[in-house]
Structures are given as structure tokens and as C-alpha cells.
Engineer: 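Before I ask anything, here is the structure I am working with.
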Amino acid sequence: MQLRHDAIAGESYVIRSSSLAKELFFTAAASVGTAAGTFLVTRYLAMNMGPTGFGEICLSNRIFALLAPLVGGTLGSAVCRYAAQSNRPEGILWASLLMAGVVNSAAFILFSAFGERMAAAYLGTHVSAQLLVATVIAVQAFCLFSIAHGYLRARELIHVANAMQFVSGAVLPVAVALMAINIQPHKIVLALAACHLITALPAIALVLRRSAWMEIRSSAIALFQYTAPRIPGTFMQAGLFSIGIFFATGRLGLEEVSYLAIGLSVFRLVEVASSAAGLVGLPRISRLAGTPDGKARIDEVLTCLLGIGLHAGVFLTVRGIIWKNLLIQTWVGEGFLGAAPALGVLSLGVTPYLLFVFLAPVLDSTSERPINAINSGVSLGLVYLLLQFSSGLDLNRICMATVGGLTCLSLLTIGSALAMMKPRLADLLVPQGLAINAVLAGSTAIFSGFNPSLGAVLAVESLLFAVLVLSLSRFKRPWTLLVGEHLVAARA
């Protein structure tokens with residue numbers, strides 16, 4: 001596979017961050033829109049399907065989280081990385097589709113024959129064959145979507161990728177949920193799978209008009225070498241959020257298990273809402289990694305991501321603790337207010353998880369080694385030990401163990417990044433950011449005493465976050481501009 005190594009000289013590029021700023025803005029808007037769509041779909045289904053029907057949807061989601069990394073869910077980031085570097089990206093796409101076809105076909109046959117037994121062993125409860133088959137199809141549809149989405153981003157078709165993400169993740173699922181009246185859960189899962197296929201297949205078809213058969217073999221080897229070591233890592237990342245439910249299913253009541261699942265959903269929202277940095281940065285950092293002065297530029301980007309992740313994470317953590325009751329009421333209704341204490345404890349893991357979400361694409365872009373997979377395995381092992389040898393296991397201890405695992409994952413990720421790169425730690429503005437966050441947290445605590453409405457909370461918290469950003473900007477030029485200066489230079 002022929003790779004592109006573009007020499008970047010400071011005077012050879014006119015740095016214009018406006019284009020990158022637009023891409024970051026629209027990507028963030030698409031991510032937030034997708035998170036909002038997930039919120040609306042979850043709330044509507046929880047309110048209208050009842051405990052039994054919604055419980056089957058939750059079981060499907062857990063099976064999906066298990067299967068996605070095993071049957072090609074990691075191909076999306078691999079396609080994005082290598083298609084961004086290759087002069088013949090169509091070969092990358094062909095190879096990824098062939099690999100996905102082989103793996104998904106084998107998975108479909110395997111789970112059609114033994115899926116019910118495997119699901120019962122994993123979940124500790126019976127899963128109908130219809131729901132299982134529908135979930136496997138949903139995983140296959142997501143695999144195709146991730147390949148198409150990663151390829152579009154690698155080729156800098158950002159607006160097309162954003163539209164594809166928003167339509168498949170927000171517009172179509174909301175339409176499905178609104179029409180899901182007296183419909184069996186497995187049919188809803190199939191309809192949600194169709195949302196991914198409707199957007200992915202046209203995008204793939206347009207690209208495949210240009211074939212590149214000669215590139216398939218070398219591309220397939222590169223993709224396999226990149227994805228194979230990372231499959232266990234993605235599985236173990238999912239395990240960080242499912243191992244607590246596994247222990248809770250065997251030792252706690254069904255009500256507490258549902259509370260834990262609701263609390264853990266906050267991390268999915270954080271991941272979706274903060275994915276813009278990784279989606280935009282992954283292909284460009286991949287290009288920078290192959291340039292003469294790329295390391296210095298990546299060091300600067302890492303500094304910015306650490307600073308943004310730290311201060312934004314602290315801000316969100318405090319709000320998760322203070323507004324936990326309001327979040328639960330808005331998310332799934334007053335009937336699940338018992339989940340508020342779990343959400344308050346799990347909010348402590350938002351900052352470390354946000355740092356991991358920001359830094360993981362940097363490590364994947366700059367190293368062939370599966371660093372994130374190794375770190376995830378160590379963190380999952382820690383959570384298992386904490387839960388296995390905990391006396392008097394209850395919901396609070398399960399939440400604390402999950403937070404401990406996420407903190408371990410974040411520290412290992414930061415340590416791996418520092419071992420490879422040299423960010424300017426003084427530019428993280430840790431004392432200033434913590435001081436400003438403390439003042440803003442006090443303001444939020446006082447404001448919460450007035451029992452404000454959801455609209456008032458959103459308005460005030462948006463204002464306080466703007467104050468945080470503007471206050472930090474007085475100490476240093478906005479980090480987003482620094483990221484722009486270096487990532488725009490990667491647009492060869």
C-alpha cells in the first residue's frame with residue numbers, strides 16, 4: 001500500500017483555521033444532535049413500551065455492545081486512518097468491505113445456531129431468537145455505517161459524513177420511535193438497523209464506482225494488522241460498562257440493575273457529544289504522523305486536548321452531581337428517580353472518561369501498537385478485582401468500582417501519551433481552571449436551590465460554560481485556535 005508523506009514547512013502553508021472551525025462546529029453539532037436523538041428515542045421507548053418491552057431493548061443494546069467490536073466495529077477507525085494516508089483509498093474501502101463481509105457472515109451463522117445459549121450465559125437471562133437475530137443484523141448494519149463514515153472523513157467529505165451521522169443517528173431513529181406503537185421489540189431493533197443501512201449503502205455505492213482491485217491485498221493486510229490487536233481493546237472498553245451490570249444481575253434486584261443501566265448511559269452521551277475532536281482529528285493527525293515536523297505539531301494538539309478535556313470534564317462532573325434528579329426526570333421520567341444516587345456517583349467518572357475519549361484517537365493515529373487495548377485490559381481487570389473481592393456488594397460499590405476503572409484507564413492513557421509525546425504541561429492552566437470551576441460550581445449550587453425549570457438550567461449552565469471558556473482565554477490564546485493551526489496544516 002502506497003502511503004503519502006507530505007513535507008510540511010511552516011512557510012509553505014497559509015494557516016486558515018476558519019475551515020477547521022466550521023468542520024469542528026458542524027461535527028460537534030451533528031454529535032450533539034445524535035445524542036439528543038438517542039435521548040428522545042430512549043425516553044419515548046421507556047415511556048411507551050413498558051418495563052418488559054423496554055427491558056428487551058436494553059438486552060439488545062447489551063448484546064450489541066458485546067458483538068460490535070467482535071464483528072468489525074473497529075474497522076471504521078482503521079479505514080479513516082489508512083484512507084487518509086493512502087494515494088489509492090478505494091482499495092482500503094474494498095478491503096474493509098470484504099473483511100466485514102467474511103467476519104459478519106461467520107458471526108451470523110454462529111449466532112443463529114448457538115446465539116441463545118451464548119446470550120443466556122452472558123446476560124444470565126433468556127433472549128428470544130428473534131431479538132438475537134435482529135441485534136446481529138443491527139451490528140452488521142452498524143459495521144457498514146462505520147466503514148462508510150470513516151472513509152468519508154478520511155477523504156475530508158466532512159459535511160457529507162456529518163449529514164449521514166445526523167440522519168442515521170437522530171432523524172430516522174426518532175421517526176422509528178414515534179411509529180413504534182404496539183410493535184414487537186425485535187422489529188424496532190430491525191428498524192433502527194435500517195437507519196444505518198439507508199445512509200451507508202448509497203455512500204458506499206458512490207465510491208465503489210471506482211474500483212482498485214490491485215490495492216486490495218496490501219490494504220487488507222494493513223487493515224488486519226491494525227484492527228486485529230484492537231478488537232479485544234474495544235471489547236474490554238465495552239466491558240468496563242457492562243461488568244458492573246453482570247455482577248449486579250446476580251446479586252441485586254432487577255430495579256437496582258435498571259438504575260445502574262440508566263446511570264451508565266451518561267457515558268454514552270459524553271462519548272457521542274465529545275466525539276467531534278476525534279472524528280475531525282483522526283485523519284489529520286494520521287497525516288501529521290508521517291511528516292518531518294509532525295511530532296512537534298502533535299505535541300501541541302495533545303496539550304490542547306488535555307486542557308480542554310480536563311476543564312470541560314470537571315465542569316460536567318459537577319453538573320452531573322448537582323442536577324442528577326433533574327437529569328433523571330428529563331431522561332427517563334420521575335418513575336426512575338431511584339437512579340439519581342447512582343448517577344451522582346458515576347458522574348465522578350465523566351472527567352477521566354472524557355480525557356480518554358479525547359486522547360485515544362491521538363494514540364491510535366500515532367502508534368501501530370494497540371495501546372488503548374492494553375490500557376483497557378488493565379482497567380477492566382482492576383474493576384473485576386474490585387467487584388469480585390468486595391464484601392457486601394451493593395449498587396454504590398459497583399458504581400465506585402466503575403469510576404475506579406475509568407480513572408485507571410484515563411491515567412494509563414495520559415501516561416502513554418506522555419511517554420510518546422511532550423505536551424507543555426504548564427499550558428494546561430490547572431490551577432486557574434480549577435479555581436474558576438470552583439467559583440462556577442458554587443454559583444450552580446446556589447442556583448439549584450431555587451428549583452429552576454429545565455429551560456432555565458440549560459440557559460444558565462450555557463452561560464457559565466461560556467464564562468469558563470472566556471476566563472481561561474484570558475490566560476492563554478484559545479486552545480481551539482491552536483488545534484486549528486496544526487490540524488489545518490495537515491490538509492495536504
Side-chain angles (χ1 to χ4, degrees), residues 24 28 31-32 240 266-267 269-281 285 298-322 345-366 371-372 375 379 402-444 461-462 464-484 486-487:
L24 284 171
S31 299
V32 172
L240 283 171
V266 70
F267 294 106
L269 289 177
V270 169
E271 181 179 359
V272 172
S274 61
S275 60
L279 292 175
V280 174
I285 294 174
I298 294 175
D299 289 346
E300 186 70 48
V301 171
L302 180 62
T303 303
C304 303
L305 292 177
L306 279 171
I308 295 171
L310 174 63
H311 300 304
V314 172
F315 184 91
L316 293 174
T317 295
V318 173
R319 272 72 201 167
I321 296 173
I322 294 177
V345 175
L346 290 171
S347 294
L348 297 173
V350 168
T351 300
Y353 187 61
L354 188 62
L355 286 168
F356 168 75
V357 171
F358 276 4
L359 298 183
V362 178
L363 296 179
D364 275 338
S365 301
T366 55
I371 298 176
N372 292 320
N375 294 340
S379 303
T402 302
V403 172
L406 292 174
T407 303
C408 176
L409 177 62
S410 177
L411 292 176
L412 290 174
T413 302
I414 294 173
S416 300
L418 294 179
M420 297 171 56
M421 292 160 264
K422 296 180 180 179
R424 296 201 296 268
L425 299 181
D427 287 346
L428 298 182
L429 307 178
V430 174
Q432 300 94 325
L434 293 179
I436 297 169
N437 258 314
V439 174
L440 297 180
S443 303
T444 295
E461 294 299 348
S462 298
L464 292 179
F465 187 75
V467 170
L468 173 65
V469 174
L470 293 175
S471 300
L472 290 174
S473 298
R474 292 182 61 85
F475 295 100
K476 182 173 179 62
R477 196 156 45 114
W479 283 313
T480 52
L481 295 181
L482 293 175
V483 173
H486 297 291
L487 292 188

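None of these values were measured; they are calculated from a predicted model.
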Engineer: Taking Thr413 for the side chain and Phe356 for the main chain, is one N or O donor matched with an acceptor at less than 3.5 Å?
Structural biologist: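 Here the side-chain-to-backbone pair does not exist.
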Engineer: Please report the shortest heavy-atom distance between Val318 and Ala441, naming the atom on each side.
Structural biologist: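 Closest approach of Val318 to Ala441: CG1-CB, 3.6 Å.
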Engineer: Can you name the nearest heavy-atom pair linking Val350 to Phe267, along with the distance?
Structural biologist: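 Between these two residues, the closest heavy atoms are N-CE2, 3.9 Å.
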Engineer: So among Asn437, Val314, Val439, which one has a side-chain contact (heavy atoms from CB on, under 4.5 Å) with Leu468?
Structural biologist: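 Filter result, single survivor: Asn437.
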Engineer: Measure the spacing between CG of Leu359 and CG of Leu418 and express it to the nearest 0.5 Å.
Structural biologist: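 Going from the CG atom of Leu359 to the CG atom of Leu418 covers 9.0 Å.
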Engineer: Thr351 vs Leu316, test: side chain to side chain contact (heavy atoms under 4.5 Å, CB included). Steps then yes/no.
Structural biologist: CA-CA 8 Å; Thr351 300; Leu316 293 174; over 6 Å; no
Engineer: Roughly how far, to the nearest 0.5 Å, is the CG atom of Leu440 from the CZ atom of Phe315?
Structural biologist: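 The distance works out to 6.5 Å.
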Engineer: Check the pair Val403 / Thr407 against side chain to side chain contact (heavy atoms under 4.5 Å, CB included), numbers first and verdict last.
Structural biologist: CA-CA 6 Å; Val403 172; Thr407 303; 4.1 Å; yes
Engineer: Output the distance between atom OG1 (Thr402) and atom CG (Leu348), rounded to the nearest 0.5 Å.
Structural biologist: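 The CG atom of Leu348 is 11.5 Å from OG1 of Thr402, to the nearest 0.5 Å.
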Engineer: To the nearest 0.5 angstrom, please state how far the CD1 atom of Ile321 sits from the OG atom of Ser347.
Structural biologist: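 Separation between the atoms: 6.0 Å.
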Engineer: Rounded to the nearest 0.5 Å, what separates atom CG in Leu434 from atom NE2 in His311?
Structural biologist: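 Answer for the CG-NE2 pair, Leu434 versus His311, is 6.5 Å.
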Engineer: What is the distance from atom CG of Leu409 to atom CG of Leu240, rounded to the nearest 0.5 Å?
Structural biologist: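 Reported value, rounded in 0.5 Å steps: 6.0 Å.
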Engineer: Any idea which heavy atoms bring Gly405 and Ser379 closest together, and the distance?
Structural biologist: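 Closest approach of Gly405 to Ser379: O-CB, 3.5 Å.
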Engineer: Quick one: closest heavy-atom pair of Ser471 and Ile436, and the distance?
Structural biologist: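 It is CB-CD1, 3.4 Å.
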Engineer: Between Asn375 and Ser416, do the side chains contain a donor N or O and an acceptor N or O under 3.5 Å apart?
Structural biologist: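 Yes, a side-chain donor-acceptor pair sits under 3.5 Å.
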